[in-house]
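Just below is one structure, and these are the notes that go with it.
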Amino acid sequence: MSDLRDHESELAGALRRLEPHTSFADVLTESAEGEGCRLDSKSVSPAREPTLRGAVLRAWGGGRWVEAATSGLDAASLRAAADSVLAGLTKAGSGAPLAGEPSTVRKDWTESPAHPLRDVPLEELIALEKDVLSRATAVDGIKECQVSILWADDERFYLNTAGARCYQVTSRVRATTVPIAIENGRVEFDYLSEGGVGGRERLAFLSSDRIEGVARDSAKLLHAGAPPTGEMSVLLDPGTTGTFAHESFGHGTEADQFVRNRSYLLPILGTMVGPETLTIADEGPYPGAWGMVQCDDEGNPGRRTVLVERGRFLGGLHDRETAAALHASVTGNARRADFLSRLFVRMTNTYVEPGDWSLEELVREVKQGVLMEHSTSGIEDPQGGQMQLKVKKGRKIENGRLTDTVTSMALSGKVLDFLKGIRGLSRRSDFEMTPGYCGKGHTDLLPVASGGTYLLSTAIVGPA
Amino acid sequence: MSAPSVTADTAFRVAERVRAEAPWDVFAERSRRYEVHLQGRTVEMVRGPIELEGYALRVFRSRDGQTGTGSQSSTDLTDAGIATSLRQAETLSRFSRFPTKKVDLPRPGASLSPVEVRDPRLWDRPNEEILDYVHALLTAFEGRKGVGPSFGSVRATLSEATVANSEGLRASYAHTTVDFEVAVKSEGGPEGAPPGEYWVNDVTRRLEPRELPRRVEEWCQFAHDVRRAAPTPTGELPVVLPPDVMGQILPAVLGFRCTGEAQLRRIAPDLGTRWAPESVTIHDDGRVPWGTASSPVDDEGTPQRRRDLIVAGEVRSYLYDALHAGAFETESTGSALRGMVFGIYRDWRRFLHPPSSTSSTLEVAPGSGGSDAEIIEATGDGLWVQQLGWAVPDPISGAFGGELRIGYRIRNGKRAEPVRGGTVGGVVAAPPGTPSMLSSIAAIGSNPVLTEWVLAPTVLVRPLTVAGA
């Protein structure tokens with residue numbers, strides 16, 4: 001992999017060109033590459049991620065930001081991008097200085113995995129995928145299976161006019177298995193997917209037991225009924241609990257929503273919003289997590305930020321500007337999806353801390369309800385305070401017992417009502433951190449993780 | 001075929017440097033992106049140009065009676081960069097297997113007529129046009145008490161697409177895409193209700209500032225109605241889906257299940273399968289003026305066209321790209337599109353993604369249901385879905401469902417009070433005898449409207465499952 005630090009003199013030159021005309025400017029340069037293969041019974045589709053390299057220059061125009069980006073890292077391309085920013089600065093005119101303190105951090109984060117997947121020959125990955133495929137399709141009812149394994153390396157180098165200089169490389173690995181069951185025109189599937197920062201060790205979860213297990217679960221869905229509908233007790237599996245954390249107190253606490261006066265949470269800052277058993281945090285440097293951020297795209301190191309502590313809503317996630325506007329500290333959550341995308345306040349790895357119940361105890365609490373398993377998506381409603389979580393499958397809970405398997409369903413309702421309804425969380429041994437992608441609105445997808453243990457509350461359940 | 005405004009020759013330049021045996025193809029785009037972001041009524045950020053020029057080089061090689069496909073995307077247009085991309089594509093093709101013996105790439109000579117996909121004013125004056133649009137947007141909010149934008153953005157991409165292949169094809173066209181987002185917030189007032197928001201997300205081909213006063217009026221009303229909405233009822237209810245909502249639900253499922261890709265995986269319906277009543281006909285048309293997936297040629301260079309998908313309720317044909325067409329010894333339908341994400345969103349950096357066979361604009365044929373008011377009258381008692389949080393249809397199982405962000409009860413054939421919360425969902429399509437959204441279509445309106453991925457009238461589905469508060 002090339003090293004973006006080789007371009008430091010050209011990048012610094014572009015910043016020097018802007019410096020006389022602005023109170024603050026920065027440049028983020030990125031190089032991303034990766035490789036993977038998707039395989040099913042009909043085809044083998046290896047793919048190399050594009051080698052995407054470029055830089056984005058940003059300068060404060062006294063009231064607004066002005067940005068330009070280029071996919072060239074040579075001096076001429078960077079100079080042209082700087083000139084575009086200069087033209088924008090001229091139109092923006094002069095105004096207030098930029099609030100908040102710039103990063104002055106100078107540090108490199110270059111720890112690489114012990115066994116990088118980039119060193120594993122493609123034929124070896126394909127052989128592993130074929131083995132997964134054969135195990136899954138050996139299960140009765142499974143007619144097809146999609147298997148994918150990929151790695152992606154993301155290298156980022158940040159400089160600003162205050163002297164910050166941060167460099168980091170993040171190596172991500174992810175694998176997914178989707179056994180597909182077909183019968184009389186009905187098509188169903190379950191999935192197994194894990195991923196994180198690291199190397200080959202990340203693939204250890206692809207064991208025979210888990211592959212055959214998910215294949216059997218896919219086949220079971222062929223005969224599963226529709227989920228119950230209406231308001232009821234809901235027991236979220238660890239992955240769905242993580243999605244709940246992400247959609248409720250993740251998006252809702254991205255402090256740009258506070259500054260926009262677009263968060264229903266701002267007026268209740270500092271108050272109790274849930275039971276004392278509830279603690280929610282976001283943690284960029286969470287070891288091995290898919291959404292790992294050692295240093296954000298404003299040069300501030302990632303850290304653990306407690307959003308809700310023992311039921312009390314403590315605060316939000318910040319970039320430089322929101323921290324200044326709300327008299328808070330930066331939290332290392334200023335992220336760009338890539339060098340082509342603007343910076344927003346974003347989550348990293350967001351999770352609910354475990355409780356002290358066992359799963360069996362939580363199930364016994366429920367007279368009529370549903371266990372919601374395998375989160376597939378979620379969406380927030382920062383202003384209205386509602387949320388939508390969708391899962392691939394579940395089990396009915398009747399009189400304290402898990403009974404019939406049911407197909408995909410959606411949970412909806414008001415976040416604060418859901419929090420008040422929390423009756424318990426299971427123990428750390430159930431904790432899972434699940435990889436995913438998060439958008440700001442429908443765009444700017446970037447890797448995040450969300451985690452938790454089993455969580456019992458009350459919500460509206462419907463079809464999905 | 002070349003529009004006068006196209007000056008990019010990216011794919012052609014790459015093609016000249018490809019020293020490889022046929023077949024191969026190159027898809028390239030040179031794009032400029034301009035953005036304005038709002039915080040409240042203030043411009044928070046101006047971005048652009050965000051410049052990106054890149055290509056995807058694909059080779060097809062005969063392997064063990066099948067085809068090995070290797071593809072490499074890159075922004076490196078130097079001789080060395082192109083040579084590296086070719087070498088990597090050849091390497092990948094050695095590991096790839098696809099069950100077709102022959103890949104027929106489009107040949108030059110097809111008679112192509114232009115498709116309206118480029119906003120000329122935006123093309124010539126991007127910064128000024130976007131700022132004018134933002135000004136028109138903010139003007140439309142002026143004088144309104146207790147309602148306004150909390151944030152928004154206009155992101156315009158101006159692209160020149162070029163396609164070249166080993167058959168000698170050289171095709172190009174210019175297109176514009178606008179991603180528009182605004183959150184309209186209603187607050188204050190004597191009633192003391194919590195603030196309400198209506199969140200607008202649109203993808204279009206052009207800026208239409210003259211539409212803004214009417215649209216802003218509607219958005220403000222929806223934002224106000226969120227504040228006074230009652231809980232959604234529960235039950236199996238007649239549900240009316242306007243074109244925007246149909247656009248969230250149909251493409252992800254039909255654009256996958258009715259393709260060669262699904263056919264290969266044995267999850268496509270058999271041709272002739274009855275998925276809907278006779279009143280339902282759905283075409284896929286890649287040449288709808290201003291359609292977000294419209295273009296003169298698809299991303300392999302095959303001319304886009306109109307395709308029958310469901311005719312009189314029966315599945316009539318599948319959509320193919322070159323690879324899947326080869327697998328079934330048929331012809332590409334011009335349905336190879338790059339950059340589709342979740343079936344409802346298209347990445348503007350198309351060359352980074354491999355092509356897949358999918359739908360362009362799904363045209364639901366107008367019915368005899370008349371206007372929206374007449375559809376509502378025919379409904380009697382039911383639910384009008386104005387906006388779902390995210391329908392997230394599952395392309396494989398066909399299941400969909402989303403939280404009702406704002407809707408209206410229909411009582412005695414009239415639109416009544418706003419409702420909010422709970423979920424609306426079901427299965428888009430199912431085998432005969434199993435209830436589905438398509439099989440339960442009871443009335444189709446007469447006035448189709450173009451939204452992001454569909455050209456559809458309002459539709460009455462009787463019933464869908466509604467899980468209310």
Region of A:Lys143 that comes under 4.5 Å of a non-hydrogen atom in chain B
both
Engaged part of A:Lys392 at the chain B interface, taking heavy atoms whose separation is under 4.5 Å
side chain
Presence of salt bridge, A:Arg53 and B:Asp76, under 4.0 angstrom
no
Looking at B:Thr234, B:Thr434, B:Asn201, which one has more heavy-atom pairs under 4.5 Å with chain A than the rest?
B:Asn201
Is the closest side-chain donor-acceptor distance between B:Ser73 and B:Arg58 under 3.5 Å?
no
Looking at chain B, which one of A:Asp40, A:Asp381, A:Val66 has the largest number of heavy-atom pairs inside 4.5 Å, strictly under?
A:Asp381
Structural part of A:Val461 lying under 4.5 Å from a heavy atom of chain B
backbone
Side chain, backbone, both or neither: which part of B:Asp347 has a heavy atom under 4.5 Å from chain A?
neither
Most heavy-atom pairs under 4.5 angstrom with chain B, which of A:Val259, A:Thr407, A:Asn184?
A:Val259
Tightest non-hydrogen contact, residues B:Pro126 and B:Arg32, listed as CG-NH1, 4.3 Å
Is it the backbone or the side chain of A:Ile180 that comes under 4.5 Å from a heavy atom of chain B, or both, or neither?
side chain
Proximity breakdown for A:Asp83 and chain B, heavy-atom pairs closer than 4.5 Å
neither
Can you tell whether the side chains of B:Asp179 and B:Arg346 come within less than 4.0 Å, N to carboxylate O?
no
Please classify the contact of A:Asn261 with chain B as side chain, backbone, both or neither, using a heavy-atom distance under 4.5 Å.
both
Chain B contacts, top residue of A:Glu49, A:Arg186, A:Arg48 (heavy-atom pairs, under 4.5 Å):
A:Arg48
Where does A:Met409 contact chain B at under 4.5 Å (heavy atoms): side chain, backbone, both or neither?
neither
Just by distance, no angles: are the side chains of B:Arg33 and B:Thr157 close enough, under 3.5 Å, to form a donor-acceptor pair?
yes
Any donor-acceptor pair under 3.5 Å linking the side-chain atoms of B:Thr273 with those of B:Asp270?
no
Determine yes or no for a side-chain-to-main-chain donor-acceptor pair under 3.5 angstrom, with B:Arg155 supplying the side chain and B:His37 the backbone.
no
Pair count under 4.5 Å, heavy atoms only, with chain B: among A:Leu122, A:Thr229, A:Val178, highest is A:Leu122
Counting only non-hydrogen atoms closer than 4.5 Å, does B:Arg94 touch chain A with its backbone (N, CA, C, O), its side chain (CB onward), both, or neither?
neither
B:Arg405 portion near chain A, given a 4.5 angstrom heavy-atom threshold
side chain
Identify the residue among B:Val203, B:Ile50, B:Thr177 that makes a side-chain contact (heavy atoms from CB on, under 4.5 Å) with B:Trp348.
B:Ile50
Please state whether the side chain, the backbone, both or neither of A:Glu35 comes within less than 4.5 Å of a heavy atom of chain B.
side chain
Taking B:His353, B:Glu187, B:Gln88, B:Glu181 one by one, which has the highest count of heavy-atom pairs under 4.5 Å against chain A?
B:Gln88
Checked B:Phe151, B:Phe98, B:Phe400, B:Trp199 vs chain A; the most non-hydrogen pairs under 4.5 Å come from B:Phe151
Under the rule for side-chain hydrogen bond (donor to acceptor under 3.5 Å, both in side chains), what residues qualify as partners of B:Ser74, not counting sequence neighbours?
none
Are a donor atom and an acceptor atom from the side chains of A:Glu188 and B:Ser397 found within less than 3.5 Å of each other?
no
For A:Val56 and A:Phe339, work out which heavy atoms get closest and say how close.
CB-O, 3.2 Å
Is A:Ala68 in contact with chain B via its backbone, its side chain, both, or neither, using a 4.5 Å heavy-atom distance?
both
Under 4.5 Å heavy-atom distance to chain B, tell me which part of A:Asp256 shows up: side chain, backbone, both or neither.
neither
Find the one option among A:Lys414, A:Gln257, A:Glu231, A:Gln386 whose heavy-atom pairs under 4.5 Å with chain B are most numerous.
A:Gln386
Hey, which of B:Pro432, B:Gly422, B:Pro195, B:Ser71 has the most heavy atom pairs under 4.5 Å with chain A?
B:Gly422
Is it true that B:Glu44 and A:Arg342 have a side-chain N and a carboxylate O under 4.0 angstrom from each other?
yes
Treating B:Ser85 as the side-chain partner and B:Gly81 as the backbone partner, does any N or O pair qualify as donor plus acceptor under 3.5 Å?
yes
Taking atom types as modelled and ignoring hydrogens, do the side chains of B:Trp390 and A:Glu380 form a donor-acceptor contact shorter than 3.5 angstrom?
no
Under 4.5 Å from any heavy atom of chain B - which part of A:Ile182:
side chain
Does a side chain donor of either B:Thr423 or B:Glu403 reach within less than 3.5 Å of an acceptor in the other side chain?
no
Ranking B:Ala327, B:Gly389, B:Gly235, B:Ala430 by heavy-atom pairs under 4.5 Å to chain A gives rank one to B:Gly389
Short side-chain donor-acceptor distance under 3.5 Å, B:Arg63 and B:Ser96
no
Heavy atoms of B:Ile267 and B:Arg257 approach each other most closely as O-NE, 2.5 Å
Atom group of A:Leu340 that falls short of 4.5 Å from chain B, counting heavy atoms:
both
Tell me, for B:Pro49 versus chain A, whether the close heavy atoms (under 4.5 Å) come from the side chain, the backbone, both or neither.
both
In terms of heavy-atom proximity below 4.5 Å to chain B, should A:Thr70 be classed as side chain, backbone, both, or neither?
backbone
Among the listed options B:Thr75, B:Val392, B:Thr69, the residue most often paired with chain A at heavy-atom distances under 4.5 Å
B:Val392
Winner by heavy-atom pair count (cut-off under 4.5 Å) against chain B, out of A:Ser71, A:Pro46, A:Gly462, A:Gly185
A:Pro46
